[in-house]
6 protein chains.
Amino acid sequence: MIFPILFTFFLLLSSSNAAVQDFCVADLTAPDGPAGYSCKSPANVKVDDFVFSGLGVAGNTTNIIKAAVTPAFAAQFPGVNGLGISLARLDLAVGGVIPFHTHPGGSEVLIVIEGTICAGFVSSANTVYLQTLEKGDIMVFPQGLLHFQVNGGETTALAFVSFSSPSPGLQILDYALFKNDLPTELIAQTTFLDVAQIKKLKAALGGTN
Amino acid sequence: MIFPILFTFFLLLSSSNAAVQDFCVADLTAPDGPAGYSCKSPANVKVDDFVFSGLGVAGNTTNIIKAAVTPAFAAQFPGVNGLGISLARLDLAVGGVIPFHTHPGGSEVLIVIEGTICAGFVSSANTVYLQTLEKGDIMVFPQGLLHFQVNGGETTALAFVSFSSPSPGLQILDYALFKNDLPTELIAQTTFLDVAQIKKLKAALGGTN
Amino acid sequence: MIFPILFTFFLLLSSSNAAVQDFCVADLTAPDGPAGYSCKSPANVKVDDFVFSGLGVAGNTTNIIKAAVTPAFAAQFPGVNGLGISLARLDLAVGGVIPFHTHPGGSEVLIVIEGTICAGFVSSANTVYLQTLEKGDIMVFPQGLLHFQVNGGETTALAFVSFSSPSPGLQILDYALFKNDLPTELIAQTTFLDVAQIKKLKAALGGTN
Amino acid sequence: MIFPILFTFFLLLSSSNAAVQDFCVADLTAPDGPAGYSCKSPANVKVDDFVFSGLGVAGNTTNIIKAAVTPAFAAQFPGVNGLGISLARLDLAVGGVIPFHTHPGGSEVLIVIEGTICAGFVSSANTVYLQTLEKGDIMVFPQGLLHFQVNGGETTALAFVSFSSPSPGLQILDYALFKNDLPTELIAQTTFLDVAQIKKLKAALGGTN
Amino acid sequence: MIFPILFTFFLLLSSSNAAVQDFCVADLTAPDGPAGYSCKSPANVKVDDFVFSGLGVAGNTTNIIKAAVTPAFAAQFPGVNGLGISLARLDLAVGGVIPFHTHPGGSEVLIVIEGTICAGFVSSANTVYLQTLEKGDIMVFPQGLLHFQVNGGETTALAFVSFSSPSPGLQILDYALFKNDLPTELIAQTTFLDVAQIKKLKAALGGTN
Amino acid sequence: MIFPILFTFFLLLSSSNAAVQDFCVADLTAPDGPAGYSCKSPANVKVDDFVFSGLGVAGNTTNIIKAAVTPAFAAQFPGVNGLGISLARLDLAVGGVIPFHTHPGGSEVLIVIEGTICAGFVSSANTVYLQTLEKGDIMVFPQGLLHFQVNGGETTALAFVSFSSPSPGLQILDYALFKNDLPTELIAQTTFLDVAQIKKLKAALGGTN
């Protein structure tokens with residue numbers, strides 16, 4: 001069967017709706033709003049916008065935490081803007097640790113690719129959910145709850161994490177408390193940590209006050 | 001009772017909140033984002049923005065599919081931007097067909113105004129839901145599922161369709177597979193259609209490769 | 001090509017996910033929640049759940065308002081439950097009126113099928129948007145704003161309305177104020193209407209107090 | 001323990017994601033969209049954006065309604081943009097009244113700080129929910145429904161109200177009907193109010209037509 | 001004008017839609033789901049469901065933190081279920097402290113009613129936003145971010161807080177880390193706190209391990 | 001510092017809110033609704049609910065498509081219910097193919113763990129986005145659009161996919177068209193495929209009619 005005449009409708013759609021309909025590749029130079037970044041013009045969208053290679057390279061774990069996190073959030077991977085999803089890569093050397101942190105903006109699922117990872121989260125009811133994860137295991141960390149990952153084995157561990165948001169955010173407990181100018185006395189008052197402890201971690205992290 | 005003094009509050013509201021509160025008429029010239037188009041300035045909003053006459057004219061069905069679709073999505077009808085709703089008009093001449101397609105971005109409800117329409121959708125479980133619809137009948141097609149409409153009678157059929165999104169999108173199966181440069185071999189591999197079948201439809205639709 | 005062996009995966013999906021994935025036909029006998037009604041068991045879902053004929057019959061307009069509204073909300077049309085959309089039919093005899101009302105839960109788009117309808121809404125900024133709509137015209141009424149429709153011609157008018165919610169709700173101004181036991185004095189105090197006016201409408205509508 | 005080397009990752013996040021992640025302080029000069037205002041650049045965000053003092057001053061109740069409403073919506077308090085919440089202050093002098101109104105865009109919770117407030121709302125089923133609220137009492141008014149507040153005591157009443165939206169909107173019944181150019185005949189037709197009543201209130205409110 | 005004949009439509013709506021449309025008062029005995037609690041049957045809904053007096057009583061601050069929080073979440077105040085909003089009361093005696101905590105499920109706005117409150121939050125970028133709030137001041141704390149409140153004056157402080165969710169949750173840092181059976185060694189590893197510090201706080205809070 | 005007296009508030013929260021706040025582990029035996037499954041009682045929630053090992057085992061690819069998909073949707077992995085996220089595993093033997101399909105309910109991000117995968121999707125504008133993905137590459141497939149994956153190398157390929165929904169659904173093109181009782185004539189009419197082609201695929205897939 002032949003189709004010599006095209007639907008005017010479809011031509012119309014093609015030219016005007018594409019950006020708003022299917023995807024909204026982030027235009028990082030334009031204003032952003034509560035729902036995400038503005039959309040790149042459809043004319044400028046290429047397959048490269050939907051592909052990202054940055055998670056293929058191990059992060060640098062030669063640091064004191066012996067761990068690295070490589071994000072593919074909307075800011076790095078514009079194709080996920082507005083699509084409710086993003087990824088990141090976790091490298092944990094032997095003894096590596098991703099310290100306690102939260103993602104204010106999304107839930108997380110982690111999958112272990114290599115090694116052994118001891119992971120856990122704490123609920124609002126203060127219940128601890130701990131598990132040693134082997135290769136192929138996955139674990140979910142509900143949005144906003146404190147959680148951590150630790151290399152639980154004798155070899156390098158690698159995991160990928162998915163988030164239910166293109167920009168889930170990340171609040172690392174130690175950084176939030178000790179890596180800024182929050183006054184030591186105030187931290188003591190609001191965490192009941194000893195002043196000596198606070199000063200020690202502030203010094204380590206470059207915090208002031 | 002008299003009201004000589006107006007609420008400062010209300011004046012304040014009038015001047016600053018109108019755009020964000022009640023509606024957000026699409027400004028098609030400004031950046032758009034995941035939630036839709038930017039809002040036209042309230043000062044420029046007129047009743048015309050909330051009214052659309054394009055669905056009052058029968059689409060041109062003198063084409064091989066003997067059908068026409070006339071949309072009133074946000075791109076054509078800026079008043080629906082951000083309001084979770086849009087409309088379109090379906091004209092089916094005798095023998096007319098709206099081929100299998102999906103709306104990635106919204107669910108659809110169709111109402112038959114004239115004639116008889118045989119419509120159906122297929123669920124993720126591959127169950128077929130088929131119905132012959134007479135004047136006044138309505139049918140819902142859940143978001144993202146393959147569906148079609150066919151003129152099932154001896155007279156012209158007319159229907160209006162509503163969508164649960166101002167930009168529901170439209171992916172026509174035949175167009176997606178055969179009306180572009182997707183390599184024939186790849187299509188065969190991913191659909192199990194015969195190469196001859198593919199080439200035939202590509203030729204009909206102007207696809208290449 | 002032949003497919004002698006089915007994907008275990010797909011069988012798995014078919015049996016367990018169907019209800020939650022594609023649709024959630026309302027089970028009106030089960031508990032409902034903020035997102036809508038509970039889902040009917042997939043085994044009991046039939047094409048009838050996705051089709052509704054009630055909008056094909058003219059409503060009875062032999063009443064003082066000379067109008068009738070026939071809904072196809074989730075409660076009448078279970079297939080739309082959870083799908084963000086619903087429909088209704090408006091019949092306006094000559095001189096017919098749908099008095100001022102709001103839909104707390106959804107935006108509305110109206111399409112005129114026969115006759116002439118004078119419709120309008122008022123924004124939060126108290127701006128009036130009025131239009132005389134002819135056959136084929138559509139008008140959008142943003143969520144929660146006061147609006148009305150009146151038969152503006154010399155013949156019966158018929159329109160269909162779509163909503164951006166399966167249960168948009170309906171608050172008719174006169175009913176809300178005068179068709180219950182809200183104390184007359186309180187109504188006067190909070191609307192600045194004259195007591196005589198209030199008593200008159202209460203009597204007409206069967207309100208008390 | 002010391003942390004001489006910072007995560008490259010975290011630095012990366014800090015510089016690019018902050019605006020989109022945690023908050024989106026309204027840039028009232030930039031385009032807005034269905035989800036709210038565009039975000040102020042993170043570099044320009046200060047604590048002042050998250051604080052508002054305007055609700056600390058009693059509104060001016062020397063008007064005929066003997067009441068005042070002071071809003072802290074996104075337009076006044078840019079920090080709430082995109083966060084699903086806003087506040088306002090209600091001052092009711094003795095005999096003060098907030099006339100019947102709706103919030104098309106959000107639900108409301110009111111808390112009485114001083115005095116006595118008689119409040120109520122009407123449901124879509126025309127059921128009246130009335131209560132006399134004392135200091136410390138709270139009451140919720142579901143989105144879009146007609147409600148009012150009246151000073152029910154012999155002293156000044158003060159309440160604060162919270163909304164489930166940064167821009168909940170406000171449609172005051174009397175203003176919507178009588179404070180514009182909606183034709184008197186049309187109002188009579190769509191509300192069944194007497195022409196004399198309508199003219200009287202139009203005159204009081206400065207409406208025309 | 002009289003209304004001897006009611007709309008069949010309206011009667012229909014009244015009986016079937018009320019629960020799903022306007023509100024969904026929590027039935028705490030029925031199953032809950034991701035969107036909230038199941039709805040109480042409309043027949044059993046009374047004005048009491050929309051009113052709550054619990055925030056009128058000062059919480060007991062004779063404890064070591066010299067503070068008390070009294071919630072009006074959906075679990076206490078069923079009327080807010082599904083409405084995107086809830087409230088709580090904060091009492092801070094002199095020297096009182098609400099220690100660092102987060103609300104995984106909602107943003108918060110606080111208003112000072114009496115006294116002086118020093119409050120602050122930390123962003124994902126580790127920036128501190130601190131402010132001393134006087135009577136009438138309000139401050140917003142974006143969802144999921146660490147924040148605290150401290151009595152900054154010489155008298156009792158009282159504040160009310162609103163949340164953008166009927167169940168915003170609450171994760172108190174000290175409780176999450178020290179008030180359960182999370183192994184001390186693991187806490188040290190994932191927070192870099194000294195073992196002695198951890199043991200001390202565990203002992204204080206009744207944590208084990 | 002010691003904490004002999006616990007906050008009544010916190011105990012209260014612990015006992016009543018946990019389920020609704022942080023997570024809602026699917027109770028597969030209870031009614032489900034548009035937002036997902038009902039929540040398991042908090043008392044019965046264990047760490048096992050948040051962990052899943054099923055993706056650690058290679059699927060069986062000894063089938064004609066030489067591929068296997070192993071899901072971790074809410075139905076298999078109850079912990080993700082209501083959290084906006086889920087995972088699956090893709091095994092592609094040499095020559096393996098995941099045929100054209102859509103996910104009506106969510107967007108997808110794929111990451112290649114081993115081998116080479118040639119993947120692509122087609123937009124509503126019929127534009128093809130094709131890429132050969134190597135180990136560590138990720139690609140996003142926007143919700144509802146037709147896409148496929150093919151093993152593009154000489155070794156087994158393994159990938160994990162994340163979805164922006166706990167139940168994204170899956171509609172496989174060939175199954176939807178040929179693996180049911182959709183009448184052959186109707187398929188021909190709505191896809192323009194040759195009857196012979198249709199009969200052939202129906203025979204292969206076990207379709208009838």
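Labels below follow one simple rule: chain letters A, B, ... track the order of the sequence lines, proteins then strands, and each chain is numbered from 1.
- For a residue to count as touching a neighbouring chain, one of its non-hydrogen atoms must lie under 4.5 Å from one of that chain's; by this rule C:Phe50 touches chain B with backbone and side chain alike.
- Interface remark: of the candidates C:Gly79, C:Gly120, C:Ala72, C:Gly136, C:Gly136 forms the most heavy-atom pairs closer than 4.5 Å to chain B.
- Only the side chain of B:Phe77 comes within less than 4.5 Å of a heavy atom of chain C; its backbone N, CA, C and O stay farther away.
- Contact count versus chain C (heavy atoms, under 4.5 Å) is highest, among B:Gly84, B:Ser165, B:Pro142, for B:Pro142.
- In this structure, chain B has a heavy atom under 4.5 Å from the side chain of C:Ile111, while its backbone stays farther away.
- Heavy-atom pairs under 4.5 Å with chain B peak, among C:Ile113, C:Leu87, C:Val80, at C:Leu87.
- Only the backbone of C:Leu130 has a heavy atom closer than 4.5 Å to any heavy atom of chain B.
- A donor-acceptor contact shorter than 3.5 Å is absent between the side chain of B:Asp22 and the backbone of C:Ser123.
- For C:Asp137, the salt bridge (Lys or Arg N to Asp or Glu O under 4.0 Å) criterion is met by no residue, not counting sequence neighbours.
- Contact between B:Ala93 and B:Asn151 at its shortest, heavy atoms only, is O-ND2, 2.9 Å.
- At a 4.5 Å heavy-atom cutoff, the contact between B:Leu83 and chain C is made by backbone and side-chain atoms alike.
- Between C:Thr61 and C:Asp91, the side chains place no donor N or O within less than 3.5 Å of an acceptor N or O (distance only, hydrogens not considered).
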Give the C-alpha distance, both sets of side-chain angles, the deciding distance and a yes or no for side-chain contact (heavy atoms from CB on, under 4.5 Å) between C:Phe141 and C:Val161. CA-CA 10 Å; C:Phe141 306 92; C:Val161 289; 5.8 Å; no

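- Highest contact tally toward chain C, considering only B:Ile138, B:Val51, B:Leu158, is held by B:Ile138 [criterion: heavy-atom pairs under 4.5 Å].
- To the nearest 0.5 Å, atoms NZ (B:Lys46) and CD (C:Gln131) are separated by 13.5 Å.
- In this structure, chain B has a heavy atom under 4.5 Å from the side chain of C:Phe121, while its backbone stays farther away.
- Residue C:Leu55 touches chain B through both its backbone and its side chain, counting heavy-atom pairs closer than 4.5 Å.
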Could you walk me through whether B:Ile187 and B:Phe178 pass the side-chain contact (heavy atoms from CB on, under 4.5 Å) test, one step at a time? CA-CA 9 Å; B:Ile187 302 174; B:Phe178 308 118; 4.3 Å; yes

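- Remark: side-chain polar atoms of C:Asn63 are paired, donor with acceptor, to backbone N or O of C:Ile65 under 3.5 angstrom.
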